[in-house]
Amino acid sequence: QQQVKQSPQSLIVQKGGISIINCAYENTAFDYFPWYQQFPGKGPALLIAIRPDVSEKKEGRFTISFNKSAKQFSLHIMDSQPGDSATYFCAASPLGAGNMLTFGGGTRLMVKP
Amino acid sequence: GAVVSQHPSWVICKSGTSVKIECRSLDFQATTMFWYRQFPKQSLMLMATSNEGSKATYEQGVEKDKFLINHASLTLSTLTVTSAHPEDSSFYICSASYLAGARLANTGELFFGEGSRLTVL
């Protein structure tokens, strides 16, 4: 059972554009929603995370939007750069479960110069 | 952020041999570490949860006798792939929970190692 659904699977954006990746979850016990960035051959790196008590969190060019009622959250990358080209994973976990994350399927982002 | 180190970063072995992968939290203590497996162009699949001083908890479908996990200290967990076969070839990634400060508050943050690529010939 895929508890976190991520879309699109791949995304091509021009330099300077906005990259948007969406995730939807099913488990209402989830209360921690991080996004990870992964470059080829490397482990995932935490990019930004949000908890359900806020609807938006911004860190630099990266923004998470969270819709609790719809059980959806998204990552927006503003002014996308070629260096942002990577695979992005959304994830979710119930904090009480010791950070046992459930990952989305991943989105391969390519930012064209 | 906290640093998690994995070793080796890549390993090639013959079918039938065993391979050990180490996961260390370098600047923090991790009572819980997680082991993931990732196939090319796919997401991370949780294999097991490693708890310091106790037996690991394996996800459904993961053979505990094939993937031996030991978490002997608060900074080290090991994954041993026993009697490796070509289908075990994959990218193995560990992660560790960061418990912040004296209150051991759960910040929710999970830090990942750089991964270990296993190729079984």
Q.
Any side-chain to backbone donor/acceptor pair from A:T102 onto A:Q3? Under 3.5 Å, distance only.
A. no
Q: Report yes if the side chains of B:Y36 and A:L101 come closer than 4.5 Å at any heavy-atom pair, otherwise no.
A: yes
Q) In Å and rounded to the nearest 0.5 Å, what is the CZ to CD1 distance from A:R51 to A:I64? A) 11.5 Å
Q.
Between A:E59 and A:K57, does any side-chain N to carboxylate O distance fall below 4.0 Å?
A. yes
(Q) Quick check: do A:F89 and A:P34 have side-chain heavy atoms less than 4.5 Å from each other? (A) no
Q: Calculate, to the nearest 0.5 Å, the distance between atoms CZ and OH belonging to A:F103 and A:Y36 respectively.
A: 5.5 Å
Side-chain donor-acceptor distances from residues 111-120 of chain B under 3.5 Å, at least two apart:
from   : atom 1 : to   : atom 2 : distance (Å)
B:S116 : OG     : B:Q6 : NE2    : 3.0
B:S116 : OG     : B:P8 : O      : 2.6

Q: Would you please name every residue forming a side chain to side chain contact (heavy atoms under 4.5 Å, CB included) with A:P113, sequence neighbours left out?
A: A:P82
(Q) Taking 4.5 Å as the heavy-atom cut-off, does anything in residues 38-46 of chain A contact chain B, and if so which residues? (A) A:Q38, A:G41, A:K42, A:G43, A:P44, A:L46
**Q.** Per-residue contact mode, B:L44 against chain A (heavy atom under 4.5 angstrom)
**A.** both
Q.
For residues 47-85 of chain B, give me every residue with a non-hydrogen atom less than 4.5 Å from any non-hydrogen atom of chain A.
A. B:T49, B:E59
Q. Does a side-chain heavy-atom distance below 4.5 Å link B:Q38 with B:I93?
A. yes
Q. Can you find a heavy atom in the side chain of A:I18 that is under 4.5 Å from one in the side chain of A:I77?
A. no
